[in-house]
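A short write-up of the structure that comes next.
Model, not experiment: these values are computed from the prediction.
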Amino acid sequence: MERVVITGIGLTAPNGNTLGEFRQALLEGRGGIQDYEIRYFGKTHAGLCNYDAQKYQTKKELRRGTRAGSIAIYCSHEAVNDSGLDWDSVDRSRVGVYIGVTEHGNVETENEVYNISKFDYDTSMWTHFHNPRTVANNPAGEVTVNMKISGPHYCLGAACAAGNTGLIQGMQMLQLQECDVALAGGISESVHTFGIFAAFNNQGALASHAESVKASRPLDKNRNGIVVSEGGCMYVLERLSDAQARGAKIYGEIVGYNINSDATDFVLPNPERQAECIVNALKKANLQPQDIDIVNLHATGTHSGDIQECSGLRKVFVDCPKTHFNATKGFIGHAMGAAGALELAGNLPAFEDGMCHACLNIDELDEECALPNLVIDAPKKLENARYILNTSFGMLGINSVVIIKKFEE
């Protein structure tokens with residue numbers, strides 16, 4: 001199989017709209033959670049993005065499309081720009097778009113129901129854009145329309161494991177020669193639907209805190225739930241031979257991956273299956289746990305979820321003195337379908353600067369979440385950073401892991 005590498009990254013997060021901004025915020029300990037109020041539910045906390053939506057779309061296009069599509073379009077353009085591809089000369093029939101999503105269409109449906117409620121539920125007032133807005137392939141499809149891409153596109157519904165899943169799909173399609181360039185990653189517009197806040201709240205899993213920036217606190221003894229966030233991260237993936245032929249900058253190489261299922265519960269994680277997912281990814285990469293330098297935890301901030309995850313990790317990473325652990329959701333909250341892709345991006349610069357960013361908002365570590373070399377108080381300079389392992393786990397027991405290697409000829 002041909003080697004597949006990352007040559008471009010485009011993102012928007014609650015604390016940055018470029019990889020440079022995002023990375024700097026992580027190293028400086030700056031989160032992006034803020035107070036938020038949404039129709040019907042009321043006041044809460046959320047991670048909101050503040051990118052320039054009109055950079056690549058007109059006002060008319062924004063009105064016709066979706067928030068998810070807008071995020072995907074912004075991130076895809078930024079990724080292509082970052083890659084240095086001569087986009088005008090790229091054969092766009094050989095470009096594939098593979099976007100991981102948690103859910104899509106709830107925002108638009110809730111808004112339309114609210115709108116017709118003002119007209120005594122007269123369905124003649126229902127928008128004719130509803131169907132293209134809510135079909136499952138929408139965000140990826142909006143990217144192809146906007147960027148004139150005629151290759152394959154689809155979305156991968158993989159709950160909160162979706163960002164990694166998009167990357168895995170892009171890599172596989174390149175290796176199968178189904179495309180020559182893959183735009184792959186994950187996006188989420190979840191903060192714009194009141195239903196997700198109400199559901200997490202009724203489940204007892206929605207975070208609250210007197211200070212919004214401290215609401216998301218994975219692994220902390222006093223954590224009390226998830227902060228819902230939006231965001232997106234898209235990657236340009238290429239076969240190594242193609243990237244080298246054009247002298248592309250290479251962020252890293254995808255060397256290992258795995259997707260599996262708990263097959264046990266709707267929401268409660270299964271640490272044995274999560275551990276299996278990691279072990280299988282290591283096997284595909286021909287690596288041992290001791291080879292990994294940075295593990296980015298999924299770590300959502302729920303009480304049982306964090307404990308289950310850490311118990312599984314402790315079974316895999318035994319006697320691994322150079323393996324360091326960090327978590328990103330303390331900074332940005334849970335970006336759902338975008339989480340895995342965003343959190344990986346935040347760690348990739350470690351290949352150049354050698355820094356492992358710290359967790360945020362761990363004032364008192366829960367002993368049941370203790371891990372060796374958990375980076376808490378400040379970023380840590382590593383002796384070496386060659387391998388990053390990114391975990392991402394989702395509802396209905398879907399687990400995904402991606403391993404990225406520092407590029408070496």
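- Using modelled atom types, one finds no donor on one side chain facing an acceptor on the other under 3.5 Å when comparing Asn361 with Ser216.
- A heavy-atom distance below 4.5 Å is found between the side chains of Leu167 and Tyr235.
- For Asn390 (side chain) and Gly340 (main-chain N/O), a donor-acceptor pair under 3.5 Å exists by modelled atom type.
- In summary, the side chains of Glu343 and Asn347 do not present any donor paired with an acceptor at a separation below 3.5 Å, with no hydrogens or angles considered.
- When side chains are defined from C-beta on, Glu238 does not count as touching Asp180, because their heavy atoms never get closer than 4.5 Å.
- Annotation: the span from Cys233 atom SG to Leu19 atom CG amounts to 7.5 Å, rounded to 0.5 Å.
- Salt bridge Asp262/Arg273: absent, no basic N to carboxylate O contact under 4.0 Å.
- Environment of NZ in Lys381: crowded, with over 12 heavy atoms of neighbouring residues, nucleotides or ligands closer than 6.0 Å.
- No more than 12 heavy atoms of other residues, nucleotides or ligands sit less than 6.0 Å from atom NZ of Lys283.
- For the pair Gly312 and Ala275, the tightest heavy-atom approach, listed with the atom from each and the gap, is O-CB, 3.7 Å.
- No side-chain heavy atom of Val181 sits under 4.5 Å from any side-chain heavy atom of Arg94.
- You'll find the side chain of Met147 stays beyond 4.5 Å of the side chain of Val97, heavy atoms only.
- The two residues Pro152 and Tyr98 make their nearest non-hydrogen contact at CG-OH, 3.4 Å.
- Judged by distance alone, the side chains of Thr127 and Glu112 never bring a donor and an acceptor atom under 3.5 Å apart.
- Taking the six-membered ring for Trp and thresholds of 30 and 60 degrees, Tyr114 and Tyr40 have ring planes more than 60 degrees apart, a perpendicular arrangement.
- With values rounded to the nearest 0.5 angstrom, Thr12 atom OG1 is found 7.0 Å from Tyr51 atom OH.
- Between Thr7 and Ala248 the shortest heavy-atom distance is CG2-CB, 4.0 Å.
- When every heavy atom of Phe200 is checked against every heavy atom of Met336, the shortest pair comes out as CE1-CE, 3.7 Å.
- Counting only N and O atoms by type, the side chains of Glu189 and Thr66 include no donor and acceptor under 3.5 Å apart.
- Taking the six-membered ring for Trp and thresholds of 30 and 60 degrees, His334 and His298 have ring planes more than 60 degrees apart, a perpendicular arrangement.
- Atom-to-atom distance recorded for Ser311:OG and Glu272:CD is 7.5 Å, nearest 0.5 angstrom.
- Minimum heavy-atom separation, Leu282 to Pro289: CD1-CG, 3.9 Å.
- Under a 4.0 Å N-O distance rule, the pair Arg39/Glu110 does not qualify as a salt bridge.
- Asp293 and Asn384 form no side-chain donor-acceptor contact under 3.5 Å, judged by distance and modelled atom types alone.
- At a threshold of 4.5 Å between non-hydrogen side-chain atoms, the residues Asp353 and Arg23 count as touching.
- A donor-acceptor contact shorter than 3.5 Å links the side chain of Arg92 to the backbone of Trp87.
- Within the 3.5 Å criterion, the main-chain N or O of Cys160 finds a donor-acceptor partner in the side chain of Ser392.
- Asn260 and Asn280 are not linked by any side-chain donor-acceptor pair at a separation below 3.5 angstrom, with hydrogens and angles left out of the test.
- Between the side chains of Gln274 and Gln308, no donor-acceptor pair of N or O atoms lies under 3.5 Å.
- Neither side chain, Tyr36 nor Ser212, offers a donor N or O lying under 3.5 Å from an acceptor on the other.
- The distance from the NE2 atom of His324 to the CE atom of Met355 is 10.5 Å, given to the nearest 0.5 Å.
- To the nearest 0.5 Å, atom CG of residue Leu371 and atom CG of residue Leu297 are 6.0 Å apart.
- A salt bridge links Asp82 and Lys249; the closest N-O separation between the charged side-chain nitrogens and carboxylate oxygens is under 4.0 Å.
- In terms of modelled atom types and a separation under 3.5 Å, the side chain of Asp291 and the main chain of Gln288 share a donor-acceptor contact.
- Within a 6.0 Å radius of CD in Glu408, other residues, nucleotides and ligands contribute more than 12 heavy atoms.
- Looking only at side-chain heavy atoms (C-beta outward), His303 and Ile307 come within less than 4.5 Å of each other.
- Formation of a donor-acceptor pair under 3.5 Å by the Arg223 side chain with backbone atoms of Thr300 is not found in this model.
- With hydrogens and angles ignored, the 3.5 Å screen pairs no side-chain donor or acceptor of Asn201 with any backbone N or O of Leu206.
- With hydrogens and angles disregarded, no donor-acceptor distance shorter than 3.5 Å links the side chain of Asn399 to the backbone of Phe393.
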Criterion salt bridge (charged side-chain N to carboxylate O under 4.0 Å, His left out) on Lys214 and Asp363, from CA distance to verdict: CA-CA 10 Å; Lys214 294 184 178 181; Asp363 296 331; 5.2 Å; no
Asn373 and Thr323: CA distance, side-chain angles, deciding distance, side-chain hydrogen bond (donor to acceptor under 3.5 Å, both in side chains) verdict: CA-CA 7 Å; Asn373 292 326; Thr323 303; over 6 Å; no
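- With hydrogens and angles ignored, the 3.5 Å screen pairs no side-chain donor or acceptor of Asn326 with any backbone N or O of Ala358.
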Ser229 vs Ile33, side-chain contact (heavy atoms from CB on, under 4.5 Å): CA-CA, chis, key distance, verdict: CA-CA 8 Å; Ser229 300; Ile33 306 303; 4.0 Å; yes
Worked verdict on Tyr387 versus Lys322 for side-chain contact (heavy atoms from CB on, under 4.5 Å): CA-CA 11 Å; Tyr387 291 101; Lys322 74 167 191 169; 5.5 Å; no
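- Between Asn15 and Phe22 the shortest side-chain heavy-atom distance falls below 4.5 Å.
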side-chain hydrogen bond (donor to acceptor under 3.5 Å, both in side chains) between Asn222 and His209, intermediate numbers included: CA-CA 10 Å; Asn222 297 309; His209 197 279; over 6 Å; no
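- The main-chain N or O of Arg133 is found under 3.5 Å from a side-chain atom of His104 such that the two form a donor-acceptor pair.
- Heavy-atom contacts from other residues, nucleotides or ligands closer than 6.0 Å to CD of Gln175 number more than 12.
- From Leu11, atom CG reaches atom CD1 of Ile187 across 14.0 Å, with rounding to the nearest 0.5 Å.
- The nearest pair of heavy atoms linking Glu230 to Ala335 is O-CB, 4.2 Å.
- Distance alone, capped at 3.5 Å, places no donor-acceptor pair between the Glu364 side chain and the Lys221 backbone.
- A salt bridge is absent between Arg246 and Asp86: the closest approach of a Lys/Arg side-chain nitrogen to an acidic carboxylate oxygen does not fall below 4.0 angstrom.
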Ser400 and Asn258: CA distance, side-chain angles, deciding distance, side-chain contact (heavy atoms from CB on, under 4.5 Å) verdict: CA-CA 6 Å; Ser400 66; Asn258 199 60; over 6 Å; no
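- Aromatic ring centres of Phe325 and Phe317: separated by under 6.0 Å.
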Worked check of side-chain contact (heavy atoms from CB on, under 4.5 Å) between Asn164 and Tyr257: CA-CA 9 Å; Asn164 280 349; Tyr257 68 91; over 6 Å; no
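- With contacts defined as side-chain heavy-atom distances shorter than 4.5 Å, the pair Ile259/Thr165 qualifies.
- Taking a 6.0 Å sphere around CG of Asn50, one finds it holds 12 or fewer heavy atoms contributed by other residues, nucleotides or ligands.
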